[in-house]
Amino acid sequence: MAGIVSIENLRKSFGSHEVLRGISLEIQKGDLVCFIGRSGCGKSTLLRCINGLEILDEGSVTVVDQRLEHKKGEKIDPTEFEKKAQALRKNCGMVFQDFRLFPHLSLLDNIVCAQTIVKDTPKDEAIEKARQLLSKVGLAAHERKLPSQLSGGQSQRGAIARALALNPLVMLYDEPTSALDPELVDEVLQTMKQLDQDGMTQIAVTHEMRFARDASDYIVYMEEGLIVESGHSDQIFSEPKDERTKQFLRKFL
Amino acid sequence: MKFRGLTRLAAFVLASLSASLTHADTPIRWAADTESGAPFVFQDPKNPERLIGFEKEIIDGVAKRLGRPGQFVQNSWDGLVPGLERGNYDLIINGLEITEERKREIAFSTPYYITAQQLTVLKGTQGIASLEDCRGKKVGTLKFSLAHRMLEQFGGIEAVTYEAETNAYADLEHGRVTAVLIDAPIAQYLAKPNPKLELVGGPIGEILYGIGIRKNEPELVAQVNQALADMVRDGELRRIYDRYSLWNPLMAKAFKDPGPALEGPTMYEYFLNATQPNRSRTMGERLELYQSFLPILAKGAVTTLEISVAAMCVAVLFGLILALVRLYGPKPMQWLAITYVELIRGTPLLIQLFFIFYALPHLGLKLSPFFAAVLGLGLNYAASESENYRAGILGVPRAQSEAAAALGMGRRQTLRYIVLPQAIRIVIPPITNDFIALLKDSSLVSVITMVELTKLYGQLASTYYDFLGTGILVAGFYLLLGLPFVRLARWVEVRMSLQPGTQIDQERSWMGAARTRAFAWVRRPSQASE
Ligand SMILES: Nc1ncnc2c1ncn2[C@@H]1O[C@H](COP(=O)(O)OP(=O)(O)OP(=O)(O)O)[C@@H](O)[C@H]1O
Ligand SMILES: [Mg+2]
């Protein structure tokens, strides 16, 4: 069955270094998927290819109804690619390890501007929506603060709210808790769990194995630009098929 | 009866029509540099808003005879000839020597004054009475003057040139030069009354002053010559020279008028009376004097401010366009912007001002002095501002643009809503500094006939022989002009960087903290990015 996100034979190099070496993957609507693997195996690159932040060298990525593709040997026009990627991002929110709230805007304005600029939402409507989202992620009291006045966990929840404001069908997270103090990790993961219950499709690169095991529906284990093994999280964690997966997980659990 | 009345009316109408065709009421514009301009054209020491000088009286006589009102245009000495060619005024009368070189550029009236060079030394100097004696020594003179050339051609003398004659004599007093060689009338007015200085030797060479007129206006030359001839014939010219005590044997011979003076040297005495006590004013007199400067300097300050603010607006807008083109424009446009910036930054502002004001008219673009000043300063500072913007834009972490892109913003939206607002905050402090620098650089526009603070300083200080007190006064005006902008910039910086309604009141009381805080985030994301 075709998923909400589908990746076919994706390849990506930086210079002579082939970082993704032929990735194919289907992601089902409503799943919380975790990409796991050793540092440098290509998880972030794969995630960034899904919303076109990296230009594909070969293969295709489809998110909902928008498709980015590049056939081997074909010349690519970056402007053209960026245009298609922009269309695809309508359905695709992204959260970064370092939050990336806009420092010159208050928390509320961060969430409002995303809507007014990208979707032309009328201002009062955007404010109302922003307030709803802020209370959903537990930040209603902080809406007037500048990003520099927020803690890491608050910032990351704010970033999630900002992405959600555009009504994405898929959310991408690149190590959303790695920059956080341990006691703040949970509040972010809690937010993601809550979104999972609401039926959001989420893809997260993570080193939080406990979270991957307990909260996710599907696991993708990667090594050196290839998917070694993927499957339901119960299966991957309790009976991994591949020896390499076993070894990797043994270190964590 | 009726018929005759009609003809008379028609004749009257025709006469006034033809009169207007020959510019009967259009003023005749004449230029001079009044800065240390005695005895030519200078500010009345007793009333700085009034012009006096023998050339002022001559030009009044000429204008009267041309039947046109005279209109004075201030220009710096260097710019007098280019300004004439450019059409800023119709006549130059400012001790302009008739030389072969100048005759190639402009036409001259018949000479209205004949004089010689005069050597001046410190009182009591032994053994210097001629140019011969000056070999191996430093001799001061005016830049671009005949005396300057004479010194260079004489050989063996080191010529030191000055913009203003008062400065040459001041340096003589301070011992920086051994002698000063300047036109005799200047020596008579500025050196002779000075007890520390002494005129030595006889007249050197012969100098003819003529009124400068554009080459393509032979009728005007003829009219001016006619007016001068009339003034010689009816004795008005002689009387002017008598009043200024400037009639000399050379004049007597050339104008065949060896007779005794027709009038007493009233203006010379007036000048001496008014300026002599300058050297020994009491404190109270000084304060009174400075008080009389205030309204004049205030006017100059307004001009300085207008030019600077307008030029800064040009610089801030055009600089932004340059920076954007350079960063995001198509390749050929990028090169154009780079070339522009390098060209402007690699050449002196003074040359650029001259070029805009005096050279562009040859290409058909003639700007008023004000617009030329604004454009010159604005285009120059745009180059610096574009570099500031570029640094500011590049100083916004790439992570920010990426986050905007991930939200679905296009390149333009990202630039406009995310990158530029952050860049502006980085750029406000350097832009404020540049504004202060521009305020000071605006003093250069006196070369294109603008009279602003610095020009007024030169004029007032040289008229009253008071560089110290006037200087402090003018410096005060510059500081007062700059201060509000420094304050405004700080305020904007604080306003833009902190959200109202948060606990920042203590920080506001100490701007430094606000600044540190405002820039904390500039550093933070770049540290945190992968
Ligand atoms: N923009 C880039 N230019 C060049 N090389 C890059 C670039 N981005 C990533 N790489 C390289 O590609 C490889 C995969 O990087 P990627 O960031 O996808 O790894 P990762 O699995 O996310 O690792 P980590 O867990 O440390 O984040 C690494 O060797 C990295 O050095
Ligand atoms: Mg990564």
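Because the structure is predicted, anything quoted here is derived from the model rather than measured.
- Of the listed residues Leu172(A), Leu53(A), Asn51(A), the one with more heavy-atom pairs under 4.5 angstrom with chain B than any other is Leu53(A).
- Using a 4.5 Å heavy-atom cut-off against chain A, the contacting residues of residues 405-420 of chain B are Ala405(B), Ala406(B), Leu407(B), Gly408(B), Met409(B), Gly410(B), Gln413(B), Tyr417(B), Ile418(B).
- Under the rule for a side chain to side chain contact (heavy atoms under 4.5 Å, CB included), Leu483(B) has no partner lying at least two apart in sequence or in another chain.
- In this structure Glu69(A) satisfies the salt bridge (charged side-chain N to carboxylate O under 4.0 Å, His left out) test together with Arg67(A), sequence neighbours excluded.
- When the shell of 6.0 Å around CZ of Phe370(B) is examined, it contains more than 12 heavy atoms from other residues, nucleotides or ligands.
- If you measure heavy-atom distances from Leu101(A) to chain B, the contacts under 4.5 Å come from the backbone alone.
- Across all non-hydrogen atoms, the minimal contact from Ala403(B) to Phe102(A) is CB-CE2, 4.2 Å.
- Listed by first then second residue, pairs satisfying side-chain hydrogen bond (donor to acceptor under 3.5 Å, both in side chains) with a partner in residues 310-337 of chain B read Arg326(B)-Glu387(B), not counting sequence neighbours.
- When the shell of 6.0 Å around CD of Gln194(A) is examined, it contains more than 12 heavy atoms from other residues, nucleotides or ligands.
- Chain B forms the most heavy-atom pairs under 4.5 Å with one residue out of Arg162(A), Met94(A), Glu82(A), and that residue is Arg162(A).
- Applying the 6.0 Å contact sphere to NZ of Lys90(A) captures no more than 12 heavy atoms from other residues, nucleotides or ligands.
- Residues Gln400(B) and Pro103(A) have side chains in contact (heavy-atom distance under 4.5 Å, counting atoms from C-beta outward).
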